[in-house]
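Throughout, a chain's letter reflects where its sequence line sits, starting with A, and its residues are numbered from 1.
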Amino acid sequence: MSDSLIKPQTLKGFRDYLPEAMIAREKLMDTARRVYRSYGFSPIDTPALEYAEVLLGKGGDESDKQLFRFTDQGDRDVALRFDLTVPFARFAAQHFAELTLPFKRYHIAPVWRGENTQRGRYREFMQCDFDTIGTDANASDIETLMVIHDLMEALGFSRFTIRVNHRQLLNGLLERLGLLDRSVGVLRSLDKLGKIGAEAVTAEMTERVGATAEQAARVLEFAALRGPAGEVLDQVAAAVAGSERGELGVSRLRELFAVCAASGLSEERIQLDVAIARGLDYYTGTIYETFLNDDPKIGSVCSGGRYDNLAGLFTKQPLPGVGASLGLDRLLAAMEGLNLLPTASTTADVLIVCFDGERLGDYMRLGRMLRNWGVATEVYPQARPLKKQMQYADRKGFRAAILAGAEEFAAGVWQVKDLRSATQQPVTTDELLTRIQAILSSP
RNA sequence: GUGGGCAUAGCUCAGCUGGUUAGAGCACCAGAUUGUGGAUCUGGGGGUCGCGGGUUCAAGUCCCGUUGCUCACCCCA
């Protein structure tokens, strides 16, 4: 018998979530939902599984290799979605006639990538996307940045940096340097600057990408520019002068930083960084990456950008768009390392102790009353020793316990115990809600 | 996909150059305390040493394979 037991295990990169982890995850998802909705984004959903041809060739060779792909029972070539943006492109093309443009949607759902795992990198993970399509207005790029900012703040972070760049600015720079035909390689090397350093990037650009030493040096010179966005842009503007796309990128970014300043966003948190490029091929304009100052190694936790032809492979309708994606599970991995995760493993605040098994009806009635008042409440199911029930309340992280036995029922009161301060007092049913609320709102 | 490190109780780990019945702390269970948690004390349960194979009189310890975790490359949330 025992040799036939199946080993309980999950696949590499796939994980179970215990209540403590799941409560934290759901909290982050609720926060993302709330922030997105506060800007007018609407929820959508799409299938996990798509025709492989819908997903293939949209994010570059790398993403094709990482697809979980197989043949279904109807002999169809199918694959699990790799991100939420490509399915959204298909969605937009398919339902174009039903959408009112500009269309703003959010989508919180798991995606799958068959790559090697690392801390904060899994094969199944949750993305929280939001996008605005049907307009190429810079206001949407700016709003996207603001959503990222407000989202990070709502999630409880104050020490984060959103790095902003513009593909056209980069292209303009490369054009002026005569590197436009090698832009993919140059940008890919440049993107590693923060990680491997200027020397290694120079080596890669000259040896692998085929740039001259002078070209590489010029690129790095701009990537190294730091300081107030306006000043950096002045220098970049001079360098791209004469390049139409470069000038466009500069003017877009000028407006972006000006509007951010005017709307009161912290300048420290939003920085122009000419070195970020992003790997996904479909970005054509603004690019965003968000780093935690206290755990930069975990990588970007919220990235995105503008793509001016996202649905081009599905429809002739021009559908420019801009958006970003919060990597929920990566963020959680970072928060775990920084000890920022809440520890409660209950979703209820109040435990009604089962003092006397004969009084179940009274306890259940009290529980319903509290729930009707909006207080999540659990009734302990058996009349076990009080010690056991109090231990249960303590370990699960309840805020308050309500106890009532013969004495209390005779006196017409409930004993309400604040489990954090260990204080207890008898209150009547009329005073109960006020007392509970006082306990719940105490720090 | 490539390379390095790791894998011993629920968790964090110890176990020297292979040698008798594999340990600690925390957690768990019971009691001290039959109307009250987080502290202390006492006692207790729990491990085919990730899995498979090999070398050996003898393997947690050495070798090979495999799975998982982790770090780096690549790429990215």
Side-chain angles (χ1 to χ4, degrees), chain A residues 2-3 5-15 18 28 32 59-66 82-85 108-129 148 187-189 191-192 195-196 200 204 208 276-281 283 288-292 297-305 323-334 337 343 351 353-356 380 383-409 415-424 426:
Chain A
S2 65
D3 1 326
L5 284 179
I6 298 162
K7 185 179 176 191
Q9 60 178 346
T10 51
L11 287 164
K12 180 185 177 73
F14 289 73
R15 303 166 307 152
L18 270 62
L28 297 199
D61 295 345
E62 270 315 312
S63 52
D64 287 359
K65 276 190 258 168
Q66 294 177 359
F82 158 96
D83 65 9
L84 300 177
T85 308
I108 299 176
V111 304
W112 295 269
R113 295 184 190 177
E115 65 172 338
N116 248 337
T117 56
Q118 256 181 62
R119 183 172 73 101
R121 301 176 66 158
Y122 312 102
R123 290 185 169 179
E124 177 181 60
F125 60 97
M126 194 64 77
Q127 287 200 322
C128 309
D129 272 39
I148 296 174
L187 294 183
R188 190 160 289 169
S189 300
D191 208 33
K192 299 178 200 166
K195 218 168 185 179
I196 64 177
E204 196 170 306
R208 235 194 282 176
I276 68 163
R278 304 204 38 72
L280 292 176
D281 295 345
Y283 291 116
Y288 316 91
E289 294 199 337
T290 310
F291 292 87
L292 300 176
K297 281 194 75 183
I298 197 90
S300 174
V301 295
C302 189
S303 308
S325 177
L326 175 75
L328 190 99
D329 290 297
R330 174 174 288 188
L331 187 68
L332 276 166
T343 52
L351 179 73
V353 169
C354 185
F355 216 115
D356 174 356
Y380 198 86
R384 296 185 72 200
L386 280 192
K387 184 184 170 93
K388 295 287 164 214
Q389 299 193 47
M390 294 307 285
Q391 276 182 352
Y392 175 84
D394 186 41
R395 285 171 196 170
K396 285 259 186 132
F398 285 92
R399 297 295 308 274
I402 298 178
L403 304 89
E407 288 174 25
E408 284 74 19
F409 283 111
Q415 291 288 354
V416 179
K417 183 161 187 174
D418 180 334
L419 291 169
R420 291 198 192 163
S421 65
T423 55
Q424 178 175 316

Revision key, fill the gap. Closest of B/C71, B/U2, B/C75 to the A/Q66 side chain is B/C75
Review point. Which part of the nucleic acid, if any, lies within contact of A/A401, taking any heavy atom under 4.0 Å across all strands shown: a base, the sugar-phosphate backbone alone, or nothing?
Key: nothing
Practice item. Scan A/G114 against the nucleic acid and name what it touches under 4.0 Å (heavy atoms): base, sugar-phosphate only, or nothing. Key: nothing
Practice item. Would you classify A/K417 as touching base, sugar-phosphate or nothing, given that sugar-phosphate means primed atoms plus P, OP1 and OP2, and contacts are heavy atoms under 4.0 Å? Key: base
Practice item. Just call it for A/Q389: base, sugar-phosphate, or nothing, with non-hydrogen atoms closer than 4.0 Å on any strand. Key: nothing
Check your understanding: Does B/A72 have a Watson-Crick or wobble partner in any strand here, with both distances under 3.5 angstrom, and which is it?
Key -> B/U2
Exercise for review: Considering only atom P, compute the distance from B/C13 to B/C71 and round it to an integer number of Å.
Suggested key: 14 Å
Check your understanding: The side chain of A/R384 lies closest to which of these nucleotides: B/A30, B/U36, B/C69?
Key -> B/A30
Revision key, fill the gap. Taking a pair to mean Watson-Crick or G-U wobble geometry with both distances below 3.5 Å, B/C57 pairs with B/G19
Review point. Would you say B/C71 has OP1 or OP2 under 4.0 Å from some side-chain N or O of A/R119?
Key: yes
Check your understanding: So what does A/Y392 hit on the nucleic acid, given a heavy-atom distance under 4.0 Å: a base, only sugar-phosphate, or nothing?
Key -> nothing
Study note, to complete from the structure: Rounding to 0.5 Å, atoms CZ (A/R123) and NZ (A/K12) come to a distance of 5.5 Å
Check your understanding: Which is true for A/E408 with a 4.0 Å heavy-atom rule: it touches a base, it touches only sugar-phosphate, or it touches nothing?
Key -> base
**Study point:** Candidates B/G37, B/G35, B/C76 - which lies nearest the side chain of A/R121
**Key:** B/C76
Review point. CD1 of A/I148 to OG of A/S303: how many Å apart, nearest 0.5 Å?
Key: 8.0 Å
Check your understanding: Which part of the nucleic acid does A/Q391 contact within heavy-atom distance under 4.0 Å: base, sugar-phosphate only, or nothing?
Key -> sugar-phosphate
Review point. So does A/R15 get a side-chain nitrogen or oxygen closer than 4.0 Å to the phosphate oxygens (OP1/OP2) of B/C69?
Key: no
Check your understanding: Taking a pair as Watson-Crick or G-U wobble with both distances under 3.5 Å, which nucleotide is matched to B/G65?
Key -> B/C51
Exercise for review: Counting Watson-Crick and G-U wobble pairs only, both distances under 3.5 Å, name the nucleotide matched with B/G31, or none.
Suggested key: B/C41
